[in-house]
Amino acid sequence: MPARIDHLVTSGTFSLDGGTWDVDNNVWIVGDDDQAVVIDAAHDADAIEEALGGRTLRAILCTHAHNDHIDAAPALAARTGARIHLHPDDLPLWRMTHPGTVPDAALADGQVLTIAGTDLRVLHTPGHAPGAVCLYAPELGVVFTGDTLFHGGPGATGRSYSDFPTIVGSIRERLLTLPPETRVLTGHGEETTVGAEAAHAEEWKRP
């Protein structure tokens, strides 16, 4: 049996470049009845730990290091013993939220992480952040895109460490090449599919 996907929404704030905004984040848990990984430990370690339901947490995987995606990661790691994984290009952003600390492990493009017999392939997709990654699980027919691709197009690129041509290139080369029926499970908001977003890719314009 492949792993299952559990989902919860946590609420908090996103801060960068002197501004702060209220946000709701998707937290994804992939695993079986015994073990799991968390994708983006956002805002509320208590709620995430409760959603784990006593399962062993094998890893905390960060799609990028904006504070709203990593603010609960150290607390969750301390409670569970799980290692925090982040692409090293996002260390400058990590240090803004957790100064004096570093994640436990580096994510690399092409790396495969296995949980409950199911592979998660790391796709480096810079643009929203330099070290942004997506996690593709072909057996489950899903890709976890963080803030790289949403229902309606690319993630935001109007703040520091982001770049619109880069994110569009990442999406076209790394995500729109996946099977069109692949479910896109995002960092905020509702899910979509690769095919649904590809159909509108020519409409994407610089914000």
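All values below were derived from every heavy atom in this structure, side-chain atoms included, with hydrogens, water molecules and symmetry-related copies excluded.
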So, using salt bridge (Lys or Arg N to Asp or Glu O under 4.0 Å) as the criterion, who are the partners of D32 when residues are at least two apart?
none
Excluding V9, membership of its hydrophobic cluster (Ile, Leu, Val, Met, Phe, Trp, Tyr; side-chain heavy atoms within less than 4.5 Å) reads none
Is the distance between the ring centroids of H87 and H64 under 6.0 Å?
no
Tell me every residue that passes salt bridge (Lys or Arg N to Asp or Glu O under 4.0 Å) with D104, counting only those two or more places apart in sequence or in another chain.
none
With R159 as the cation and W21 as the aromatic partner, state whether NZ or CZ is under 6.0 Å from the six-membered ring centre and within 45° of the axis.
yes
Could you check T166, L176, T145, V194 and say which one makes a side chain to side chain contact (heavy atoms under 4.5 Å, CB included) with I171?
L176
Quick one: name the residues clustered hydrophobically with V112, using the 4.5 Å side-chain heavy-atom rule over I, L, V, M, F, W, Y, and just say none if it's on its own.
none
Which residues pass the salt bridge (Lys or Arg N to Asp or Glu O under 4.0 Å) test with R58, sequence neighbours left out?
none
Excluding sequence neighbours, so at least two apart, what forms side chain to side chain contact (heavy atoms under 4.5 Å, CB included) with E49?
L76, R79
Ionic contact status for D119 with R121, cut-off 4.0 Å
no
Could you walk me through whether H66 and D147 satisfy the side-chain hydrogen bond (donor to acceptor under 3.5 Å, both in side chains) test, starting with their C-alpha distance in whole Å, then the side-chain angles of each, then the deciding distance to 0.1 Å, before giving a yes or no?
CA-CA 10 Å; H66 284 152; D147 288 1; 4.7 Å; no
When you check the side-chain N and O atoms of Q35 and T56, is any donor under 3.5 Å from an acceptor?
no
Holding to side chain to side chain contact (heavy atoms under 4.5 Å, CB included), I want the full list of residues that pass it with P165, two or more places apart in sequence or in another chain.
D163, R206
Would you say T182's side chain and L178's backbone share a donor-acceptor pair under 3.5 angstrom?
no
Could you tell me whether the side chain of N26 and the main chain of T186 form a donor-acceptor pair under 3.5 Å?
yes
Flag, side chain of D68 to backbone of A42, donor-acceptor distance under 3.5 Å:
no
Could you check whether T20 and S15, counting side-chain N and O atoms only, form a donor-acceptor pair closer than 3.5 Å?
yes
Taking only residues two or more places apart in sequence, or in another chain, which ones meet S160 in a side chain to side chain contact (heavy atoms under 4.5 Å, CB included)?
D17
Run the side-chain donor-acceptor check on residues 132-139: report pairs under 3.5 Å with partners two or more places apart or on a different chain.
none

In chain order, what residues pass the side chain to side chain donor-acceptor pair (under 3.5 Å) check against D90, with sequence neighbours excluded?
none
Residues two or more places apart in sequence or in another chain: which of them pass ring-ring contact (aromatic ring centres under 6.0 Å, His included) with H98?
W94
Less than 4.5 Å apart, any side-chain heavy atom of R174 and any of D109?
yes
Has the side chain of H188 got a donor or acceptor atom that lies under 3.5 Å from a matching backbone atom of D24?
yes
Under 3.5 Å, is there a donor-acceptor pair between the side chain of H124 and the main chain of P130?
yes
Only counting residues at least two apart or in another chain, list the ones meeting salt bridge (Lys or Arg N to Asp or Glu O under 4.0 Å) with E202.
R172
